[in-house]
Amino acid sequence: MRRVTIVGASIAGVSAAQALRERGFTGEIELLDSDPALPYDRPPLSKQVLSGEWREERVLLRPRSWFDDHRIALHLGTHVQGLDLGRRVLRCADGSQRSFEGLVIATGSVARELPMPVERPERVHRLRTAADARRLRAELVPGRHLVIVGAGFIGLEVAAVARAAGLRVTVVETAATPMQRVLGPTVGRWFHDLHQSHGVAVWCGVSIESITYDGERDTVQCAGDVRLEADLVLAAVGAAPACDWLEGSGLRLGDGVVCEPDLCAGAPDVVVAGDAARWENPLFDRSMRVEHWTNAVEQANHAVGTLLGSAEPYRAVPYFWSDQYDAKVRFVGLAAGHDEVAVDAPRPGSFLALFGARGRLQGALCVNLPRRLAQYRDAIDTGMSWEEAMDSLHTRPTRTTSQSA
Ligand SMILES: Cc1cc2nc3c(=O)[nH]c(=O)nc-3n(C[C@H](O)[C@H](O)[C@H](O)COP(=O)(O)OP(=O)(O)OC[C@H]3O[C@@H](n4cnc5c(N)ncnc54)[C@H](O)[C@@H]3O)c2cc1C
């Protein structure tokens, strides 16, 4: 193989380029991205960049010179519209075509659209790109009322930053608790209390019917004739894989690119990494798509190995972090499909939740407990039983049985 083309120059794409060079690939590497900005990191956008603690330059993944030094050709502002596997060609939005030999698909995900009618959609903020963060930050003016639609991680991180900036914040969520889709109701209640104790109005179990604009303020019309007047609205209703450009290509799509266990996309010399990849994780015996930073780095490394000839299955304990107020939230494993939850609060300000399924430990949420995280990561990797996990707790946990998606 003399040339590898990588579509998507975010953390998965840049990590793939680096892994190619580290593994001794000497051919051409092309890195394409629709975003005209030099590749940057997304996690700080809802934390240090939004709060103003970090200048934007600090989130660059690599300086421009790094790409030159590693002979990686950056094609920024290049949107890829289609893939022709037969001719091994990428079709770009500017009408050009680019041929490839090896292909890494690293197009990640995009912010989901709000499902209800919105009179002035351009007024509603989202937070996926550096430009989004810049625009939102400019509007975080003390005393304003921010309404956040969706109580997932990004919505809650923005709520924490906006409170610290002196805004009035209301979070509206259709589920009964924040984070319920990912972590279930027991942990969701903990997040509810955390935000409420910092002065956020957390409205759960509320559906929004429309968002209108009267020329001065937005009105968020909720079911039951409840209205919220907002100075600004953030839509934080999750992300969807950015795979539209692959429709009709012959690759298998289904909430992401459905890969083989080694991250091959099902066509010769085409691999996938990051938020866009769906694969069968042998550790949990289930198909998953993971929207976390560490997964993007690790999958990129693995996918490059596959491109260069290895056929190892990708097996991983997912990991993510989130910072909200002084809570350092860290999660390893999987919460989806759990049938047991045990909660433990070993000291004030810290919190631990273990998730079990079919008699095994499968996930652990640690708040301000960094050492416990590594312990549970290894335990999930080696298949610790639920009973052993219970024995590992310092105090008698509050144990509930619940079922999540
Ligand atoms: C605000 C925010 C905060 C986050 N915080 C955390 C956190 O605290 N912890 C954590 O673990 N994870 C966090 N994440 C998630 C993490 O950033 C993602 O999992 C990670 O960015 C995924 O990397 P990726 O390279 O797969 O995709 P992405 O980062 O989504 O990048 C995909 C790239 O592909 C480009 N692209 C898409 N389609 C095309 C196309 N057709 N043609 C050309 N280019 C294309 C896009 O412009 C983009 O640059 C956060 C995400 C956001 C948005």
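None of these values were measured; they are calculated from a predicted model. Just so you know, these numbers use all the heavy atoms, side chains as well, and skip hydrogens, waters and symmetry mates. Atoms within each ligand, like the ligands themselves, are counted from 1 in listed order.
Annotation: atom 1 (C) of ligand 1 to nearest protein heavy atom, S46 OG, 3.6 Å. Nearest protein heavy-atom neighbour of atom 30 (O) of ligand 1: R128 NH2, 2.8 Å. For atom 9 (N) of ligand 1, the nearest protein heavy atom (residue, atom name, distance) is W321 O, 3.1 Å. Closest to atom 22 (C) of ligand 1 among all protein heavy atoms lies D275 OD1, 3.1 Å. Counting only heavy atoms of the protein, atom 31 (O) of ligand 1 lies nearest to S10 CB, 2.9 Å. Protein heavy atom at the shortest distance from atom 27 (O) of ligand 1 is G108 CA, 3.1 Å. Taking atom 23 (O) of ligand 1 as the reference point, the nearest protein heavy-atom neighbour is I11 CG2, 3.2 Å. Shortest contact from atom 25 (O) of ligand 1 to any protein heavy atom: A12 N, 2.9 Å.
The residue A133 has no part lying near ligand 1, judged by heavy-atom distances below 4.0 Å. Of the heavy atoms in W245, only side-chain atoms (C-beta onward) come closer than 4.0 Å to ligand 1. Only the side chain of A296 comes within 4.0 Å of ligand 1, counting heavy atoms alone; its backbone N, CA, C and O stay farther away. Both the backbone and the side chain of R42 come within 4.0 Å of ligand 1, counting heavy atoms alone.
Within the set V7, L45, L127, L76, the minimum heavy-atom distance to atom 53 (C) of ligand 1 is found for L127. Residue D33 holds the heavy atom nearest to atom 49 (O) of ligand 1 of all those in D132, V290, D33. The residue among I6, D323, T107 with a heavy atom at the shortest distance from atom 36 (N) of ligand 1 is T107. When the heavy-atom distances from atom 10 (C) of ligand 1 to Y40, W293, F331 are ranked, the shortest goes to W293.
Residue-ligand proximity, F320 to ligand 1, at heavy-atom distances under 4.0 Å covers atoms 11 (O). Using a 4.0 Å cut-off to heavy atoms of V80, the atoms of ligand 1 that qualify are 40 (C), 41 (N), 42 (N), 43 (C). Using a 4.0 Å cut-off to heavy atoms of S109, the atoms of ligand 1 that qualify are 30 (O). Every atom of ligand 1 is numbered from 1 in the order shown, and the set under 4.0 Å from a heavy atom of I154 is 1 (C), 2 (C), 52 (C), 53 (C). Against a heavy-atom cut-off of under 4.0 Å, A106 is close to the following atoms of ligand 1: 32 (C), 33 (C), 34 (O). Within the listing of ligand 1, atoms 11 (O), 12 (N), 19 (O) sit less than 4.0 angstrom from a heavy atom of H292. Every atom of ligand 1 is numbered from 1 in the order shown, and the set under 4.0 Å from a heavy atom of H79 is 40 (C), 41 (N), 42 (N).
Side-chain contact of Q180 with T177: a donor-acceptor pair under 3.5 Å is present, judged by distance alone. A donor atom on one side chain and an acceptor atom on the other are found under 3.5 Å apart for Q221 and R227. In this model, a donor atom of one side chain and an acceptor atom of the other lie less than 3.5 Å apart for W293 and D41.
Residue contact check for ligand 1: T294 places no non-hydrogen atom closer than 4.0 Å to it. A heavy-atom separation below 4.0 Å is found between K47 and ligand 1. For the pair V14 and ligand 1, no heavy-atom separation below 4.0 Å is found.
Here the shortest heavy-atom pairing between I380 and V332 reads CD1-O, 3.7 Å. Taking both residues in full, the closest heavy atoms of E101 and R88 are given as O-NH2, 2.8 Å, listed atom of the first, atom of the second, then distance. Between R21 and R71, the shortest heavy-atom contact is NH2-O, 2.9 Å.
In this structure, the side chains of Y319 and F331 stay at 4.5 Å or more apart for every pair of heavy atoms. No side-chain heavy atom of L45 sits less than 4.5 Å from a side-chain heavy atom of D132. The shortest distance between side-chain heavy atoms of W279 and E260 does not fall below 4.5 Å. Under the 4.5 Å side-chain criterion, counting only non-hydrogen atoms from C-beta, E30 is in contact with R3. Using a 4.5 Å cut-off on side-chain heavy atoms (C-beta onward), V226 and V206 make no contact.
With rounding to the nearest 0.5 Å, the separation of SG in C259 from CD1 in I105 is 8.0 Å.
Ring geometry, W190 versus F351: the interplanar angle falls under 30°, so the pair is classed parallel (tilted spans 30 to 60°).
Among residues at least two apart or in separate chains, side-chain hydrogen bond (donor to acceptor under 3.5 Å, both in side chains) pairs with a member in residues 106-119 are T107-W245, S109-R128, S109-D275, E113-R126.
D285 pairs by the side chain to side chain contact (heavy atoms under 4.5 Å, CB included) definition with nothing, not counting sequence neighbours.
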